[in-house]
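Here is the structure we will look at, set down as structure tokens.
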Amino acid sequence: MTVSAPKGGRTLFAVTILTGSFLLFLVQPMIARIALPRLGGAPAVWNSAMLVYQALLLGGYAYAHFLTRLAPRRQGRVHLAVLAIACLFLPIGLSDRVLPAGAEPALWVPYLFALSIGPLFFAVSAQAPLMQRWFAIARPGADPYPLYAASNLGSFAGLLAFPLLVEPLMTVTHQRWLWSAGYVALIALVVACTTRLPADHVAAVETPTDAAPSRGRIAMWILLGFVPSGMMLATSTFISTDLLAMPLIWVLPLALYLLSFSVAFAADRALADTLTRVAPITILMFGGIMMGGFNPTPWLSVVLALILLFMLSVALHTALYRIRPEPARLTGFYLAMSTGGALGGVFAGLIAPVVFDWTWEYPILILAAGALVPQMFLTQGLRDLWSRPGSRIAALAVAVLVLLSVVVVTAASSGGLRASHYTVTSFILIAGIGLVTVGARLPYLLVLTTSLLLFGGLRSLSLTFEDGARTRSYFGVYTILIESGRRMLVHGTTIHGLQLTGTPERERTPTTYYTPGSGVGHVLRDAPALYGPAARIGIVGLGTGTLACYREMRQRWRFYEIDPAMVDLARNGRFTFLRDCQPDADVVIGDARLSLERQGADTLDVLALDAFSSDAVPMHLLTREAFAVYGRVLQRRGLLAVHISNRFIDLAPVVATAAREGGWQAMVLNHTPSILERDTSRSSWIVMSRDPEAFATVQLDGADWKPLRTPRDFGGWSDDYATILPLLKW
């Protein structure tokens with residue numbers, strides 16, 4: 001006699017999967033946010049966190065796969081035991097262990113994250129495949145794969161909930177308890193799911209009806225998981241490096257990546273099939289646009305990059321869905337897919353920044369997607385054209401000749417028509433040929449490759465082969481451009497440093513945000529009058545070393561710089577500010593806040609805070625606890641200058657609130673250069689002091705300083721609470 005499992009429960013399993021995935025992706029930004037004040041804002045912290053997440057997710061999928069070898073009720077007991085043991089790590093948070101002296105951060109930080117959230121993350125990460133497998137056992141014959149759409153819908157919601165709801169409305173302490181309560185609710189849902197499983201003496205695993213997947217099929221599962229995962233991280237890097245360096249921008253690629261699973265694995269196949277059919281055209285058109293930069297605004301570029309990522313991910317995940325195994329092999333399928341996702345993350349997040357000098361992973365993964373995406377001929381006539389051997393060879397030969405001609409014409413264009421005219425004409429021609437090749441994979445890849453090379457790839461290759469023209473680190477890609485009488489350091493679309501050339505005097509002239517008319521220019525020129533000839537100056541953010549040329553003979557300066565690549569560029573690269581003005585400059589490498597916390601009290605007279613990479617904001621440098629650190633290292637009469645120039649975020653309320661709470665007086669200088677000041681940028685600097693006399697001296701230097709108003713409805717930032725949403729310049 002066979003004992004059947006209780007029927008029903010699709011909604012219960014869907015809610016359980018959704019809840020687990022929501023918690024899983026809510027905890028990722030949450031724990032990284034908690035770690036900021038202790039570990040600093042170094043990208044190694046974020047990279048280590050992502051590496052731990054990927055490893056734990058893969059471990060959770062492997063655990064779910066091997067657990068299904070047990071009888072159903074025994075699976076439930078084991079999993080509930082794992083969930084209960086992980087409760088010992090509640091409320092969720094960061095372990096209080098301290099970095100040992102001499103420890104390697106690249107190894108110690110992942111260990112700290114794994115120790116802090118490892119058991120909880122591991123237990124929750126098994127939810128999606130395990131609950132789907134249990135549903136298949138409880139409901140024989142039902143398709144469990146659409147439940148994966150619920151899983152990724154929960155992940156999507158959890159990811160967006162943190163920056164949009166949880167962070168703006170709750171302190172870190174409340175966030176920790178909220179997540180812990182959600183975890184307890186998840187355990188209750190799992191208990192309910194176990195009651196739907198059959199008794200122990202019923203076979204745990206259905207006997208598969210098809211043959212075991214071949215190595216080639218497993219490799220394809222891994223590859224189809226690899227490319228979208230890598231593309232998600234590559235898109236985040238590409239848009240923040242080359243287009244728009246704005247906080248929270250990294251959330252959007254990950255959110256769309258998760259949403260693509262919901263579309264690709266949905267029970268209704270209409271939307272997935274439609275997007276998959278259009279995807280090859282999107283890859284061809286938008287890939288060339290992104291490489292060529294044919295866009296009037298950074299926001300439009302971001303939208304196009306996100307559309308490209310979403311279409312590509314839906315198409316490849318749909319291809320993955322189409323070759324899924326039967327439910328009896330479900331957990332092995334998800335294990336292979338998760339392996340591909342982890343490898344894609346390692347490639348784009350860890351290997352690429354070390355191996356490549358530019359975001360080469362972006363076009364490489366676009367090409368890989370073009371090679372894997374399902375393709376259909378646009379018309380029957382094109383199918384007939386490419387199915388006849390003679391016509392196919394002739395068409396391919398014509399395509400090669402036309403594309404080579406375009407490359408030659410564009411590369412040789414100088415004088416006469418503007419290069420942009422050649423570029424637009426070439427793009428239209430290539431797009432037309434590309435549409436004809438959709439469905440014929442080899443010609444399609446030829447057109448796609450030519451498009452990527454022609455519209456940005458060749459230019460990037462030339463910079464790669466030019467010695468010293470480009471440097472890449474975990475903080476971004478830095479390109480040095482040389483024009484007539486100027487050399488510039490460019491990070492994406494933002495100029496990070498500019499040095500005039502021609503004479504020694506020009507090469508020592510401060511430019512951009514640091515001219516004598518800027519706020520920091522006034523403060524550094526007033527330092528001798530305030531603190532004597534041996535003033536002690538601290539600069540957070542080295543950049544190209546522009547500010548070094550304000551140093552006077554007996555002054556003692558110290559720079560704090562987080563990026564070793566920037567230090568090498570300023571010391572040994574093409575910019576000569578340091579070599580000309582401070583060849584023996586004292587540079588402390590590491591997160592500035594952590595470095596200043598280790599520094600003695602009353603050791604600086606002036607501290608200039610200029611640590612913002614483009615428009616990205618390291619929140620932990622602007623909390624009330626951070627300003628307390630600055631106040632401790634500055635002498636009582638000291639001056640603090642804070643650079644708040646930003647295209648997207650109004651940082652004045654943050655600094656004003658911190659000034660009020662810390663007993664500082666504050667003024668702001670918004671410097672707008674005249675039309676004749678070609679090498680000067682608009683800048684906003686806030687100067688703060690706790691000494692009225694020092695404050696009055698700066699006010700009398702002739703600049704148009706304005707009082708800094710403190711907003712009534714803004715509570716400021718702390719290590720326990722910070723959000724940028726009220727500060728966005730919509």
Side-chain angles (χ1 to χ4, degrees), residues 23-60 63 82-83 85-126 158-159 162 166-167 171-180 183 233 250 254 342 345-346 349-351 353-354 473-475 562-564 588-598 618-621 623 625-626 629 718-722:
L23 292 174
L24 200 64
F25 278 82
L26 181 64
V27 76
Q28 291 193 19
M30 183 185 298
I31 198 68
R33 166 70 179 85
I34 293 172
L36 270 181
R38 262 186 58 192
L39 302 179
V45 174
W46 300 94
N47 292 334
S48 297
M50 288 303 299
L51 181 62
V52 170
Y53 297 151
Q54 294 278 15
L56 290 173
L57 186 64
L58 181 60
Y63 156 72
V82 170
L83 290 169
I85 292 172
C87 284
L88 298 174
F89 292 82
L90 295 177
I92 195 166
L94 199 65
S95 171
D96 57 1
R97 299 203 177 186
V98 180
L99 176 66
E104 173 56 49
L107 300 176
W108 187 84
V109 173
Y111 163 75
L112 179 64
F113 274 102
L115 183 67
S116 302
I117 65 167
L120 290 165
F121 199 97
F122 173 84
V124 178
S125 65
L159 186 67
F162 181 77
V166 175
E167 189 179 42
T171 65
V172 168
T173 301
H174 290 150
Q175 293 171 25
R176 295 172 59 198
W177 285 106
L178 171 70
W179 195 95
S180 302
Y183 183 81
L233 288 178
W250 62 271
L254 182 54
V346 169
L350 296 179
I351 296 177
V354 175
S473 71
Y474 282 108
F475 295 83
I562 196 172
D563 191 354
V588 179
I589 299 177
D591 182 82
R593 176 171 167 180
L594 298 180
S595 299
L596 289 167
E597 285 176 351
R598 294 189 291 265
M619 286 184 173
H620 71 294
L621 294 182
T623 63
E625 292 85 353
V629 173
S718 68
D719 289 347
D720 197 45
Y721 176 82

### Query
At their closest point, which heavy atom of G118 faces which heavy atom of L56, and how far apart are they?
CA-CD1, 3.7 Å
### Query
Any side-chain heavy-atom pair from I34 and Q175 closer than 4.5 angstrom?
no
### Query
What residues, two or more places apart in sequence or in another chain, satisfy side chain to side chain contact (heavy atoms under 4.5 Å, CB included) together with T623?
R593, E625, A626, W717, D719
### Query
What residue among D591, L621, V629 forms side chain to side chain contact (heavy atoms under 4.5 Å, CB included) with L596?
V629
### Query
With sequence neighbours left out, what residues match T171 under side-chain hydrogen bond (donor to acceptor under 3.5 Å, both in side chains)?
H174, D720
### Task
Find the distance between CG (L159) and CG (L254) and round it off to the nearest 0.5 Å.
4.5 Å
### Message
I'd like to know if the side chain of S116 reaches the main chain of S95, judged simply by a donor and an acceptor atom lying under 3.5 Å from each other, with no hydrogens or angles considered.
### Response
yes
### Query
Taking all non-hydrogen atoms of both residues, which atom of I117 and which atom of G93 are closest, and how far apart?
CG2-O, 4.2 Å
### Query
Closest heavy-atom contact between S125 and G60?
OG-CA, 3.3 Å
### Query
Nearest 0.5 Å, what's the OG-CG distance between S180 and L23?
9.5 Å
### Task
Report the residues that fulfil side chain to side chain contact (heavy atoms under 4.5 Å, CB included) with P564, sequence neighbours left out, ordered by chain and then residue number.
I589
#### Entry: Partner set under side chain to side chain contact (heavy atoms under 4.5 Å, CB included) for V588, not counting sequence neighbours
R558, Y560, D586, S595
#### Entry: Nearest heavy-atom neighbours spanning R176 and M30
N-SD, 4.5 Å
### Message
Just to verify, what does F121 make a ring pair (Phe, Tyr, Trp, His ring centres under 6.0 Å) with, not counting sequence neighbours?
### Response
Y53
### Query
Can you name the side chain to side chain contact (heavy atoms under 4.5 Å, CB included) partners of L120, sequence neighbours left out?
A86, F89, L90, I92, W179, Y183
### Message
Would you compute the distance between atom CG of L178 and atom OG1 of T173 and round it to the nearest 0.5 angstrom?
### Response
12.5 Å
### Summary
For F122, the ring pair (Phe, Tyr, Trp, His ring centres under 6.0 Å) test, sequence neighbours excluded, returns Y63
